[in-house]
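Keep in mind that this is a model prediction, so the values were computed, not measured. The first residue in the sequence is number 1, and the count goes up from there.
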Amino acid sequence: MSNEEIWDRDLSPAAWNKIKNKHGPARIEASLRRKVEILEKWSVQGVPSTMAWKKFAGSRTKLRAWHDPTLRLWKWSDDEAEKRPNCMLLLDRWRAVKEILKSAKPLRPEHELELLKKKITSLELQIVGLIADKAWLEEEVLATHHAFGQSRLR
């Protein structure tokens, strides 16, 4: 398991305690970066109607608590990690985008629909790629078994 795989996933409190000294700062910085990037995207495209940005990022406490494993956004409570130079720059970006979002309009429903259609197309392409990979692997397994004199898989 790579270093990123160790910390860039949903962790139980016990698992977090095991890795926080070594990987905590990287995890916090990566999560903070993702949160800021999402907010910046919303400031340009509009806030999805299903998202109340103030609930997630209206304050530093809420920003720290924003937890969404599907987006790989992790919560943290250690504000000391936020004093690292990269995190301080990200917090400056968060403050700036927060001001923009205060006057941002929600996405129009048709724009949200277009974004969802693009996401569906992207997921469909990923599925096609995975099916092709699976077929190739099956062919490789069959070829390997035939090479060793086995005519069928068990």
Side-chain angles (χ1 to χ4, degrees), residues 1-138 140-141:
M1 192 179 282
S2 74
N3 280 344
E4 190 170 317
E5 291 169 331
I6 291 170
W7 59 260
D8 201 14
R9 59 190 173 91
D10 207 8
L11 297 171
S12 68
W16 167 246
N17 285 332
K18 287 181 184 177
I19 64 133
K20 72 179 178 183
N21 291 333
K22 184 174 181 181
H23 301 289
R27 177 183 169 98
I28 290 169
E29 183 180 331
S31 183
L32 179 57
R33 175 172 279 106
R34 290 178 191 134
K35 291 174 183 184
V36 169
E37 288 170 351
I38 288 169
L39 294 169
E40 289 172 336
K41 180 176 152 187
W42 289 350
S43 75
V44 173
Q45 295 180 350
V47 180
S49 59
T50 57
M51 302 301 275
W53 73 268
K54 287 183 183 178
K55 176 181 170 189
F56 302 109
S59 69
R60 276 181 62 178
T61 302
K62 290 176 181 178
L63 187 67
R64 278 188 217 115
W66 186 5
H67 185 81
D68 186 336
T70 60
L71 298 173
R72 292 178 24 214
L73 304 179
W74 317 118
K75 62 184 174 182
W76 67 89
S77 58
D78 177 15
D79 62 351
E80 283 300 310
E82 294 173 2
K83 294 177 182 169
R84 297 167 58 105
N86 288 345
C87 288
M88 290 174 64
L89 292 171
L90 288 167
L91 286 171
D92 287 342
R93 284 172 51 190
W94 165 73
R95 285 183 199 90
V97 77
K98 189 171 76 158
E99 291 305 312
I100 295 168
L101 285 170
K102 285 180 181 177
S103 61
K105 294 183 169 60
L107 278 174
R108 296 184 324 271
E110 60 271 12
H111 188 62
E112 277 190 72
L113 185 59
E114 281 303 311
L115 290 175
L116 288 173
K117 286 179 181 178
K118 287 179 182 178
K119 187 178 272 189
I120 289 169
T121 301
S122 172
L123 291 170
E124 287 172 339
L125 290 171
Q126 288 178 33
I127 290 168
V128 168
L130 290 170
I131 290 170
D133 290 348
K134 179 183 177 279
W136 179 82
L137 287 170
E138 287 173 345
E140 288 295 308
V141 168

For L11 against I19, the heavy-atom pair lying closest together: CD1-CD1, 3.5 Å
Considering residues at least two apart in sequence or located in another chain, which fulfil the salt bridge (Lys or Arg N to Asp or Glu O under 4.0 Å) criterion with E82? R60, R64
With T70, which residues qualify under side-chain hydrogen bond (donor to acceptor under 3.5 Å, both in side chains), at least two apart? D68
Using 0.5 Å steps for rounding, measure from the OG atom of S31 to the NZ atom of K75. 11.5 Å
The criterion is salt bridge (Lys or Arg N to Asp or Glu O under 4.0 Å); which residues satisfy it with E80, sequence neighbours excluded? K83
Contacts of type ring-ring contact (aromatic ring centres under 6.0 Å, His included), residue W76, not counting sequence neighbours: none
Partner residues of P85 under the side chain to side chain contact (heavy atoms under 4.5 Å, CB included) criterion, sequence neighbours left out: none
Considering residues at least two apart in sequence or located in another chain, which fulfil the side-chain hydrogen bond (donor to acceptor under 3.5 Å, both in side chains) criterion with E37? none
With salt bridge (charged side-chain N to carboxylate O under 4.0 Å, His left out) as the rule and sequence neighbours excluded, what pairs involving residues 86-100 come up? E40-R93, D92-R95, E99-K102
Please name all residues satisfying salt bridge (Lys or Arg N to Asp or Glu O under 4.0 Å) with R27, sequence neighbours left out, ordered by chain then number. none
To the nearest 0.5 Å, what is the distance between CG on L71 and CZ on F56? 9.5 Å
Partners passing side-chain hydrogen bond (donor to acceptor under 3.5 Å, both in side chains) against R84 (at least two apart in sequence or in another chain): none
Can you list the residues that meet the side chain to side chain contact (heavy atoms under 4.5 Å, CB included) rule with A96, with sequence neighbours excluded? none
For the student: nearest non-hydrogen atoms of C87 and L32, plus distance: O-CD2, 3.8 Å
Residue pair A57 / L63: nearest heavy atoms and the distance that separates them: CB-CD1, 3.9 Å
Of all heavy-atom pairs between W74 and R34, which one has the smallest distance, and what is that distance? NE1-NH1, 3.7 Å
Kindly write out the residues that satisfy salt bridge (Lys or Arg N to Asp or Glu O under 4.0 Å) with E140, not counting sequence neighbours, or none if the list is empty. none
Heavy-atom closest contact (G58 atom, W94 atom, distance): C-CZ2, 4.4 Å
Can you tell me how far the CD1 atom of I28 sits from the CG atom of N86, to the nearest 0.5 Å? 13.0 Å
For a quick check under 3.5 Å, do H23 and D8 share a side-chain donor-acceptor pair by atom type? no
Could you list the residues that satisfy side chain to side chain contact (heavy atoms under 4.5 Å, CB included) with N17, not counting sequence neighbours? K20
